[in-house]
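Read the structure below first, then the notes.
Chain A is the first sequence line, chain B the second, and so forth, proteins listed ahead of strands; every chain is numbered from 1. Small disclaimer: the values here were computed from a predicted structure and weren't measured.
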There are 2 protein chains.
Amino acid sequence: MTDDQNTKPHHHGDLRSALIQAGIALLSEGGKDSLTLRKCAARAGVSHAAPAHHFDGISGLRGAIAQEGFRLFRLSMLNASGTENQSELDHLKAICSGYLNFAIDNPALFDLIFSSAPMEGLESNLKSGTAFSYDVLRKACAPFVQPGQDPMIIETQVWSLIHGYTHLYMASRFGRIDLSHQARGPFDQVVSLLDALVVSNATKA
Amino acid sequence: MTDDQNTKPHHHGDLRSALIQAGIALLSEGGKDSLTLRKCAARAGVSHAAPAHHFDGISGLRGAIAQEGFRLFRLSMLNASGTENQSELDHLKAICSGYLNFAIDNPALFDLIFSSAPMEGLESNLKSGTAFSYDVLRKACAPFVQPGQDPMIIETQVWSLIHGYTHLYMASRFGRIDLSHQARGPFDQVVSLLDALVVSNATKA
DNA sequence: CAGCTGACTTGACAGTGTCAAGTTGATCTG
DNA sequence: CAGATCAACTTGACACTGTCAAGTCAGCTG
């Protein structure tokens, strides 16, 4: 696969990232149950116990994959907020759209990075990854924060709304809808609840 | 569920529901990874292959457990909406509180019933179970629906908000908070976004 | 009573994560 | 250049998982 003949440091070269990429590919192809230490090892062309030297078991691999997943997740949000000349509300909604896009494009990876199971190992690295993603949302929420108000409140409101919609959408709870960017359910109508942030802003100002 | 209670069919008596209860107990004690066909069988006092006669493999058992989980989930929401003399908004917020309570009390079961993996088998039974739970939310949302408006919009807004908050809360995304009914994070401040439903109602009326 | 059917058991198999011990090859030291 | 070192990786084993095939056994039907 990624074997380079010229610079082979040891046996494989960069097994760690090869295993992470193999894991993401497995998630993408076969869902979360397809993510397996042995399958990752096989796909990277090494023996079944090789990953143990780079991750602390399967949970360590999952943590490392989640870290990479958060990087892609952040890129999806940033990518969706393309145009510059848009209102702050439209910008926030675009971020939310990127949030949903990532889940649609990477269902199993989205599931993994928001898995209830707290990630063992790499806790600090993973936390920095999540914080890096969270900053995207935080910046988009900043214009709606009242003076003297804790920004966390609006951030949590927005995050809960878009995360809940995305999670329920992926679980097919809004009826049987095909998962694509075109048919994304009542997304626009749901995020219109965020219009209240502006109204509240105007009335109080 | 559809088994006859009075007559002992053969050897065990009511193995099917015994397996479901064993599964819920396992989820409660050891998390989602503890739910195992063989452990359920052992806890019910039967051989490891006995469950195959009552469920279609592990996914069938998970579906049956989810069905029972939705029943308990509905009860948690109804139980939280106790007092009668409260505003419609407070009633809706109380339902949301019951939503969160259920997840706090049954983390792994909450995870299971909203698992992204579509449940195989029992699809129709499970769907009726979810619909039964959804009715609680629907009724609480009804007073806020505008004439001529699709009720699904408000329902999805509310559901997304409370589900997202609950899911993120359970994933410990709002910092490290101990999971209890007393310390439930910024729950009240987040659901206050639903005040906009009343404001919108008043302005348009 | 003979036979049948459904509930359950027993045994096997492939796949999984994890551990212990062995092998290999790049680099370092003299 | 020769030998030592040591991380990277392999090999083999173990317990555990889901699933399948065949066997056992109780109670019912004819």
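C:dT16 atom C1' lies 15 Å from atom CD1 of B:Ile58, rounded to whole Å. The interatomic distance linking B:Leu37 (CG) with C:dC8 (P) rounds to 15 Å, in whole Å. Between the CG atom of A:Leu26 and the P atom of C:dG17 there is a distance of 11 Å, rounded to whole Å. Rounded to whole Å, atom C1' of D:dG18 lies 15 Å from atom CZ of B:Phe55. Taking atom NZ on A:Lys32 and atom C1' on C:dT16, their separation rounds to 17 Å, with Å as the unit. In this structure, B:Asp14 atom CG and C:dG6 atom P are separated by 19 Å, rounded to whole Å. The distance between atom CG of A:Asp33 and atom P of D:dG18, rounded to the nearest whole Å, is 12 Å. The distance between atom CG of B:Leu35 and atom P of D:dT17, rounded to the nearest whole Å, is 11 Å.
Minimum atom distance to the side chain of B:Ala49 is reached by C:dG11, of the listed D:dG18, C:dC19, C:dG11. Taking the side chain of B:Leu15 as heavy atoms from C-beta on, and the options C:dC8, C:dT16, D:dT10, the nearest nucleotide is C:dC8. Across D:dT17, D:dT10, C:dT16, the shortest atom-to-atom separation from the side chain of A:Val46 is found for D:dT10. If you check C:dT9, D:dT19, D:dC9 against the side chain of A:Ser47, the one that comes closest is D:dC9.
Among A:Phe70, A:Phe114, A:Phe73, the single residue meeting the ring pair (Phe, Tyr, Trp, His ring centres under 6.0 Å) criterion with A:Phe102 is A:Phe73.
One can find a donor-acceptor pair under 3.5 Å joining the base of D:dG18 and the side-chain atoms of B:Arg38.
Considering CD1 of B:Ile65 and CD1 of B:Ile20, their distance stands at 7.0 Å, rounded to 0.5 Å.
Residue contacts for B:His48: at a heavy-atom cut-off of 4.0 Å it reaches a base atom on one of the strands shown.
B:His163 and B:His167 have parallel rings, their planes meeting at less than 30° on a 0 to 90° scale where 60° marks the start of perpendicular.
Mapped onto DNA chain C by nearest heavy atom, A:Lys39 and A:His53 fall at different nucleotides, with A:Lys39 at the one closer to the 5' end.
Remark: A:Glu29 engages A:Arg43 in a salt bridge, criterion side-chain N to carboxylate O under 4.0 Å. In this structure, B:Arg62 does not pair ionically with B:Asp56, as no charged nitrogen and carboxylate oxygen lie closer than 4.0 Å.
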